[in-house]
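Here the structure is a predicted model, which is why all the values come from computation and not from measurement.
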Amino acid sequence: MPQIAEVSLAYRSVQPVESLPTITSPEEAAAYLRSIWNDDHLELKEEFIVVLLDNMKHVLGWSLISSGGSTATIVDTAQIFQVALLGKANSVILAHNHPSGNKSASSADVQLTKRTVEAGKLLGIPVDDHIILIRSGYKSLRNEGLM
């Protein structure tokens, strides 16, 4: 009989959960995103990041999901939740930038958000917000009623 690979998972935090930053508002989300975003890319190319949160809204980590051109990037919903599941997230915040400086959500942004919210419901991992980041500000799709 052929040898079949065993799949195993492990999770080990490197610092106490109390010392992790928390995100409980769009303002805190935008501030955290600015602290991790590659500032040289903000007006250069569109990137999509997912932030992983525990049940107390502590930031467990983040991952760059995709990097595209000056007007778009391709986002794989499965990859968002692969990272969320492996990172032990209880909820996620989606984020991407608009290099154009226009913080309005496109119809593609809204469709992606709604599709991801529905996938999160199936997996029990809610999407707390989707932030569009630009040099001079941000937009929260939750605050705009677009989720």
- Please assess Q79 against Q82 for the test side-chain contact (heavy atoms from CB on, under 4.5 Å), listing each intermediate value before the final yes or no. CA-CA 5 Å; Q79 190 177 0; Q82 177 185 35; 4.3 Å; yes

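- When all heavy atoms of N102 and S104 are compared, the pair lying nearest together is OD1-N, 2.9 Å.
- To the nearest 0.5 Å, atom CD of residue E144 and atom CG of residue D109 are 12.5 Å apart.
- Contact record, G124 with P126: O-CD, 3.6 Å, taken as the closest heavy-atom pair.
- For N90, the side-chain contact (heavy atoms from CB on, under 4.5 Å) criterion is met by D54, N55, not counting sequence neighbours.
- In the hydrophobic clustering, where aliphatic and aromatic side chains (Ile, Leu, Val, Met, Phe, Trp, Tyr) are joined below 4.5 Å either directly or transitively, Y138 groups with I23, Y32, L33, I36, W37, L42, I49, V51, L53, V59, W62, L64, I93, I131, L133.
- Note that CG of L44 is 9.0 Å distant from CG of N97, once rounded to the nearest 0.5 Å.
- Remark: T116 OG1 to H130 NE2 distance equals 8.0 Å, nearest 0.5 Å.
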- Task: Decide side-chain contact (heavy atoms from CB on, under 4.5 Å) for V127 and R142; before the verdict, give the C-alpha distance in whole Å, the side-chain angles of both, and the deciding distance to 0.1 Å.
- Result: CA-CA 10 Å; V127 176; R142 177 164 301 286; 5.7 Å; no

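- The hydrophobic cluster around I134 extends to none of the other residues, as no ILVMFWY side-chain heavy atom falls under 4.5 Å of it.
- Looking at residues two or more places apart in sequence or on another chain, you find a side-chain hydrogen bond (donor to acceptor under 3.5 Å, both in side chains) between D128 and K57, S91.
- Judged as a salt bridge (charged side-chain N to carboxylate O under 4.0 Å, His left out), not a single pair has a partner in residues 14-23 (not counting sequence neighbours).
- Residue A89 comes nearest to L60 through the heavy atom pair CA-CD1, 4.0 Å, listed as atom of the first residue, atom of the second, then distance.
- By the side-chain contact (heavy atoms from CB on, under 4.5 Å) test, L85 pairs with I125, sequence neighbours left out.
- For H98, the ring pair (Phe, Tyr, Trp, His ring centres under 6.0 Å) test picks out H96, with sequence neighbours left out.
- Taking OG1 from T113 and CG from D129, the interatomic distance works out to 9.0 Å, rounded to the nearest 0.5 Å.
- K88 is not listed as a side-chain neighbour of L52, based on a closest heavy-atom distance of 4.5 Å or more.
- The list of salt bridge (charged side-chain N to carboxylate O under 4.0 Å, His left out) pairs with a residue in residues 40-51, not counting sequence neighbours, reads E43-R135.
- For S25, the side-chain hydrogen bond (donor to acceptor under 3.5 Å, both in side chains) partners two or more places apart in sequence, or in a different chain, are E27.
- Listed by chain and number, the residues in a side-chain hydrogen bond (donor to acceptor under 3.5 Å, both in side chains) with S66 are T73 (sequence neighbours excluded).
- Under the side-chain contact (heavy atoms from CB on, under 4.5 Å) criterion, K121 pairs with V117, E118, not counting sequence neighbours.
- In the hydrophobic clustering (ILVMFWY side chains linked at under 4.5 Å, chained through shared members), I74 stands by itself.
- Grouping the Ile, Leu, Val, Met, Phe, Trp and Tyr side chains by contacts below 4.5 angstrom, directly or via other members, places L146 with I80.
- Side chains of V50 and F81 form no contact here, defined as non-hydrogen atoms less than 4.5 Å apart.
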- Task: Give the C-alpha distance, both sets of side-chain angles, the deciding distance and a yes or no for side-chain contact (heavy atoms from CB on, under 4.5 Å) between L141 and I132.
- Result: CA-CA 8 Å; L141 273 66; I132 297 173; 3.6 Å; yes

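- T22 places none of its side-chain heavy atoms less than 4.5 Å from the side chain of M56.
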